Amino acid sequence: MSATVWNFNPGPAALPRPVLERVREELLDFEGTGLSILETSHRSPEYRRVHQGAIEGLRKLLEIPPDYEVLLLGGGATLQFALVALNLLEPGHPGEYLITGRWSAKALQEAQKALPLLGPGHAVRATWSSEETNYDRVPRPEELVVSPEASYLHYTSNNTIAGTQFPYVPETPEGVLLVCDASSDLASRPLDVKRFGLVYAGAQKNLGPAGVTVAIASPQALERSRARGLPSLLSYRAVAEKDSLLNTPPVFAIYVLKLVVEHYLAEGGLPALAERNERKARLLYETLDASRGFYRGCSRPESRSRMNVTFRLPSEELERRFLEEARSAGLLGLKGHRSVGGLRASLYNAVPFEAVRALVDFMREFQRRHG
Ligand SMILES: *Cc1c(COP(=O)(O)O)cnc(C)c1O
């Protein structure tokens with residue numbers, strides 16, 4: 001039996017313990033069938049119930065309006081970067097991007113690569129960026145200018161690497177679809193889904209294991225996606241028409257996603273998750289702020305993420321020691337993204353308050369010894 005460890009991994013990330021136990025219990029014999037869900041046809045009634053259960057669970061948890069479609073897709077959030085442009089761009093109406101971190105920059109690049117597939121007149125462009133200040137903040141609402149001619153406005157609600165998060169939902173002019181990469185904060189707080197044309201998220205941060213990507217598509221987005229002549233798996237419309245069963249779906253990932261969603265519903269849904277996530281982040285930021293500069297947060301206070309808390313120590317040498325000693329104390333996954341260095345604690349839904357308690361106790365003790 002290993003000692004207690006706390007998981008601060010950025011993704012794939014912590015899963016609720018009771019869900020993992022349930023998976024273990026059911027792994028060899030799913031609902032008395034004598035078979036594992038892993039070796040069951042995706043056209044079987046057993047799997048159909050799992051599939052529909054995952055979609056229904058997401059509808060309930062996220063309060064998705066009935067005229068929106070929930071899609072379960074492959075390829076991660078990264079494939080969505082191209083699919084957004086392929087499905088939603090209209091000629092003469094550029095796609096606009098808010099560049100608040102590496103993932104949103106990637107979203108724009110991948111959309112650019114998709115343009116030749118769409119033909120002349122299609123364009124995408126950045127309309128705001130915090131790259132110059134190392135993505136230390138998101139725009140204030142009054143800084144945003146969205147062209148009424150745009151096809152859509154794309155933004156990243158939580159910047160996993162930089163550790164910033166939009167505290168509001170951007171406004172768009174009539175007819176401009178709002179598109180959100182919510183990979184690292186979907187289901188972490190209430191969301192007014194009807195404000196959006198499309199929301200997507202890889203499941204592996206707040207919702208489940210890697211291998212399935214959730215997309216929530218408005219009727220307007222599906223309408224645009226119609227008749228693009230896209231290969232079926234790249235078309236939101238085609239996937240929606242087949243209930244995300246156009247081909248063999250990632251059955252295991254969807255099965256675990258369903259259990260995670262049901263677990264969060266039983267815990268009180270988004271209000272309960274948001275309240276706990278808020279308490280976790282507050283405790284950690286208070287600890288940074290009370291350290292008299294020993295721990296320095298990387299993002300500006302008004303843009304701080306509740307999901308990924310990024311910070312630095314006075315030297316890289318101390319950061320290495322911090323990571324080593326944290327690991328020995330059972331605090332795992334605290335290394336910053338390889339592109340930026342420093343430290344990052346990811347506090348997704350499945351990370352309990354006690355984990356953050358253990359982290360801040362360790363941080364105070366580390367500062368006492370090395371500060
Ligand atoms: C993790 C992450 C991605 C990449 O997701 P993949 O599923 O690996 O493609 C994209 N955007 C954001 C905001 C992320 O946090």
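Keep in mind that what you see is a predicted model, and the values were worked out from it rather than measured. Atoms within a ligand are numbered from 1 in the order they appear, just like the ligands themselves.
- Judged by distance alone, the side chain of S41 and the main-chain N or O of R43 form a donor-acceptor pair under 3.5 Å.
- One hydrophobic cluster, built from ILVMFWY side chains closer than 4.5 Å, cannot hold both L177 and V193; they sit in different ones.
- A donor-acceptor distance shorter than 3.5 angstrom exists from the side chain of R344 to the backbone of T160, with no hydrogens or angles considered.
- By the salt bridge (charged side-chain N to carboxylate O under 4.0 Å, His left out) test, D192 pairs with K194, sequence neighbours left out.
- Of the listed residues (D185, N308, T100), just one forms a side chain to side chain donor-acceptor pair (under 3.5 Å) with N158, and that residue is N308.
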Is there any protein N/O under 3.5 Å from an N/O of ligand 1, and what does the full list of such pairs look like?
unit_1, atom_1, unit_2, atom_2, d
ligand 1, 7 (O), A77, N, 3.1
ligand 1, 7 (O), Q204, NE2, 2.9
ligand 1, 9 (O), A77, N, 3.1
ligand 1, 9 (O), T78, N, 2.9
ligand 1, 9 (O), T78, OG1, 2.5
ligand 1, 11 (N), D181, OD2, 2.7
ligand 1, 15 (O), T160, OG1, 2.4
ligand 1, 15 (O), K205, NZ, 2.7

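- Judged by the 6.0 Å and 45° rule, R296 forms no cation-pi pair with F311.
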